[in-house]
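What follows is one structure encoded as C-alpha cells, with my remarks underneath.
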Amino acid sequence: MQTHTDLELIEEIALKYPKKYKVYLLNDDYTSMDFVVDILMSIFHKSYEESEAIMLEVHKNDKGLCGVYTHEIAETKVMQVHKKARDNDFPLKSIMEEE
Ligand code: TYC
C-alpha cells in the first residue's frame, strides 16, 4: 500500500495552512493624519471610522495593525503603502511580521 512520506505530509499541511503575516503602519512626525486615513481606506479597505481609529492608535502607540494576509498579499500591501507615500512625499512606513 502507498503511504505518505514525512515530506509529503509536511507539504500537504503547508498547502492547507499557509503562513499568515500581520501588516502594520508605523508612526512618524511628518505624514498627515488625513493621508494615513486615506491609505487605510484605499489599500486596506477599512471604513472611514475604522481608518481613523487605526490611525490614532498608530499616532499614540507608534504601531497599528492594518490586516493579516498571506505572504504575497502582505508584501504587496507594504509596497503599495511605500509607493503611495513616496509619490506624495511622506515618509510613512509599513512592516509585515509572521503571525
Ligand atoms: N504622527 C502623525 C502626525 O502627527 C500622524 C501619523 C499617524 C503618521 C499614523 C503616521 O502611521 C502614521 N501628523
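Counting convention: from 1, in listed order, for ligands and their atoms alike. Keep in mind that what you see is a predicted model, and the values were worked out from it rather than measured.
Looking only at heavy atoms of the protein, atom 4 (O) of ligand 1 is closest to His59 CE1, 3.1 Å. Scanning all protein heavy atoms for the shortest distance to atom 5 (C) of ligand 1 gives Thr31 O, 3.4 Å. Scanning all protein heavy atoms for the shortest distance to atom 9 (C) of ligand 1 gives Val58 CG1, 3.5 Å.
Within the 4.5 Å cutoff, side-chain heavy atoms of Lys84 are placed close to those of Ile43. No side-chain heavy atom of Tyr69 sits under 4.5 Å from any side-chain heavy atom of Lys20. Here the side chains of Ser94 and Val23 are in contact, with some heavy-atom distance below 4.5 Å. Counting only heavy atoms from C-beta outward, the side chains of Tyr21 and Val68 never approach each other to under 4.5 Å. Residues Met41 and Glu50 have side chains not in contact (no heavy-atom distance under 4.5 Å, counting atoms from C-beta outward).
Lys60 contributes atom NZ, which lies 9.0 Å from atom CE of Met55 (distance to the nearest 0.5 angstrom).
Within the listing of ligand 1, atoms 10 (C), 11 (O), 12 (C) sit less than 4.0 angstrom from a heavy atom of Leu92. Under a 4.0 Å criterion applied to the non-hydrogen atoms of Leu26, ligand 1 contributes the atoms 10 (C), 11 (O), 12 (C).
Where the criterion is an N or O separation shorter than 3.5 Å, residue side chain and backbone included, Asp28 meets it with respect to ligand 1. Where the criterion is an N or O separation shorter than 3.5 Å, residue side chain and backbone included, Asn27 meets it with respect to ligand 1. Annotation: Tyr30 places no N or O atom under 3.5 Å from an N or O atom of ligand 1; distance criterion only.
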